*Asks:* 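Before I ask anything, let me first share the structure, which is written out below as structure tokens.
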Amino acid sequence: MDPALLRDRELFKKRALNTPAVERRSAASESSKKKKAKLDVGGTSSSKQNSEGSNGSFNLKSFSVSSNYKFGVLAKIVNYMKTRHQRGDTHPLTLEEILDETQHLDIGMKQKQWLMSEALVNNPKIDIVDGKYAFKPRYNLKDKKALLRLLDKHDQRGLGGILLEDIEEGLPNAQKAIKALGDQIIFVTRPDKKKILFYNDKSCQFTVDEEFQKLWRSVPVDSMDEEKIEEYLKRQGISSMQESGPKKITPVQKRKKANSQKKRRFKTHNDHLAGVLKDYTDVTPGKQ
């Protein structure tokens, strides 16, 4: 064989031996292994996050359900205390007695603690008497005489009447007491269908001479609107019934757009020729 070819073959073998082909494969395999390891770590972390997220949503749902249950128990307790007060059972009860009568003895200690320390203490319709709980109405009335005295005081102070629902809330067996009072009270129905009770002051019922009635009716009141009457009553220290009645929502008046067709003002030129130029605006075309 040609010695030059032999030298070339030997050089090629040396170059082949020096080429790190195996090392490159190992590096590639290591990099692929690292990628797989990263993917595995990422998968486990994402699975953890998903599990944590699912646990968080579950906790939120359980919290909302528990809060709804707590406030549902509180509403049932307040309604029960109101009902028994209207029946005439005005003596206070302990929390255990309330839970027994409302069939909520199975609630947990945390909910009991919440009722005792926060819910019932801060509720405006619950009053605490010697560590026990009683219903707290707006007007605490015992009988029909107390109702009549209350209406009389309101009438003397110029406060007007009292809502029937407030009386029914605070007076045990309210309908029976109202019926027994008869014509000593007056019912007035508001536009929103709510009834108001007034004291019927019979001392104000007297006959008036016809001459005085004629003079009264002859006075014109066209200039006196409701706002002026209300201002006068306020100056006299008398509150009108509109303050306790339903408020009327006045519609918002739309602003009228200014007339877009305004007269345009033109600048006048040639003022120095005012006495020289003639005005031909009245001359019709075709005539000279």
Side-chain angles (χ1 to χ4, degrees), residues 78-92 123-129 134-251:
V78 174
N79 289 331
Y80 172 73
M81 297 298 286
K82 177 182 176 180
T83 303
R84 67 184 295 273
H85 183 89
Q86 291 173 339
R87 288 200 309 257
D89 299 333
T90 56
H91 61 279
N123 196 291
K125 291 296 181 182
I126 298 296
D127 194 12
I128 300 174
V129 182
F135 185 70
K136 185 180 179 181
R138 185 173 182 180
Y139 303 105
N140 195 2
L141 305 170
K142 294 182 179 179
D143 50 19
K144 62 181 181 180
K145 292 181 181 179
L147 171 60
L148 198 62
R149 286 194 298 269
L150 178 65
L151 292 173
D152 189 11
K153 284 182 181 179
H154 267 248
D155 183 64
Q156 291 178 7
R157 294 175 183 175
L159 300 176
I162 301 174
L163 284 170
L164 176 61
E165 60 186 25
D166 290 339
I167 293 171
E168 290 177 341
E169 182 186 71
L171 178 62
N173 303 316
Q175 291 297 331
K176 186 177 179 181
I178 292 169
K179 193 174 181 179
L181 289 174
D183 61 348
Q184 298 183 63
I185 56 177
I186 301 173
F187 281 95
V188 174
T189 304
R190 290 193 326 196
D192 58 353
K193 306 300 181 182
K194 290 187 177 182
K195 292 184 178 181
I196 304 175
L197 269 67
F198 290 86
Y199 177 72
N200 187 11
D201 191 359
K202 294 183 179 180
S203 62
C204 298
Q205 297 176 2
F206 53 87
T207 57
V208 182
D209 293 338
E210 292 183 3
E211 293 182 2
F212 185 79
Q213 292 181 20
K214 290 179 182 179
L215 290 171
W216 177 269
R217 289 166 183 161
S218 63
V219 176
V221 291
D222 296 336
S223 60
M224 294 293 291
D225 55 2
E226 292 183 359
E227 292 182 359
K228 290 182 179 180
I229 294 171
E230 191 172 356
E231 288 177 3
Y232 176 78
L233 292 174
K234 286 182 178 179
R235 287 198 301 268
Q236 302 299 322
I238 302 172
S239 61
S240 62
M241 285 303 298
Q242 291 181 358
E243 295 179 357
S244 60
K247 295 182 180 180
K248 295 181 179 179
I249 300 172
T250 56

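Quick caveat: nothing in here was measured; it's all calculated off a predicted structure. Values below: every heavy atom of this structure, side chains too, minus hydrogens, waters and symmetry copies.
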*Asks:* Is there side-chain contact between Ile178 and Leu164, with at least one heavy-atom pair below 4.5 Å?
*Replies:* yes
*Asks:* Find the distance between CG (Leu215) and CZ (Arg217) and round it off to the nearest 0.5 Å.
*Replies:* 11.0 Å
*Asks:* Would you say that more than 12 heavy atoms from the other residues, nucleotides or ligands in this model lie under 6.0 Å from the CZ of Arg87, or not?
*Replies:* yes
*Asks:* Could you please spell out the steps behind the side chain to side chain contact (heavy atoms under 4.5 Å, CB included) verdict for Phe198 and Leu151?
*Replies:* CA-CA 6 Å; Phe198 290 86; Leu151 292 173; over 6 Å; no
*Asks:* Out of Asp143, Leu141, Leu147, which one pairs with Lys145 under the side-chain contact (heavy atoms from CB on, under 4.5 Å) rule?
*Replies:* Asp143
*Asks:* Please answer whether the main-chain N or O of Glu168 pairs with a side-chain N or O of Gln86 as donor and acceptor at a distance below 3.5 Å.
*Replies:* yes
*Asks:* Locate the shortest heavy-atom distance separating Pro172 from Gly170; write the atom from each residue and the value.
*Replies:* CD-O, 3.5 Å
*Asks:* Does the pair Leu197 and Phe187 meet the rule for a side chain to side chain contact (heavy atoms under 4.5 Å, CB included), with working shown?
*Replies:* CA-CA 5 Å; Leu197 269 67; Phe187 281 95; 3.1 Å; yes
*Asks:* In terms of heavy-atom contacts, does CD of Glu210 have more than 12 from other residues, nucleotides or ligands at under 6.0 Å?
*Replies:* no
*Asks:* OG1/Thr189 to CD1/Ile196 distance, rounded to the nearest 0.5 angstrom?
*Replies:* 8.5 Å
*Asks:* So do Leu150 and His154 actually touch side chain to side chain, heavy atoms under 4.5 Å?
*Replies:* yes
*Asks:* Using 0.5 Å steps for rounding, measure from the CZ atom of Phe135 to the CG atom of Asp127.
*Replies:* 10.5 Å
*Asks:* Charged N to carboxylate O below 4.0 Å: is that the case for Asp192 and Arg190?
*Replies:* yes
*Asks:* Do you know the tightest heavy-atom contact between Ala134 and Thr90?
*Replies:* CB-O, 4.4 Å
*Asks:* If you round to the nearest 0.5 Å, how far is CD1 of Ile185 from CG of Asp152?
*Replies:* 13.0 Å
*Asks:* Is the shortest distance from a Lys or Arg side-chain nitrogen in Glu169 or Arg138 to a carboxylate oxygen in the other one below 4.0 Å?
*Replies:* no
*Asks:* NZ/Lys176 to CG/Leu171 distance, rounded to the nearest 0.5 angstrom?
*Replies:* 11.5 Å
*Asks:* So with a 6.0 Å cut-off around CD of Gln236, is the heavy-atom count from everything else above 12?
*Replies:* yes
*Asks:* Which atoms form the tightest heavy-atom contact between Met81 and Arg84, and what is the distance?
*Replies:* O-CG, 3.3 Å
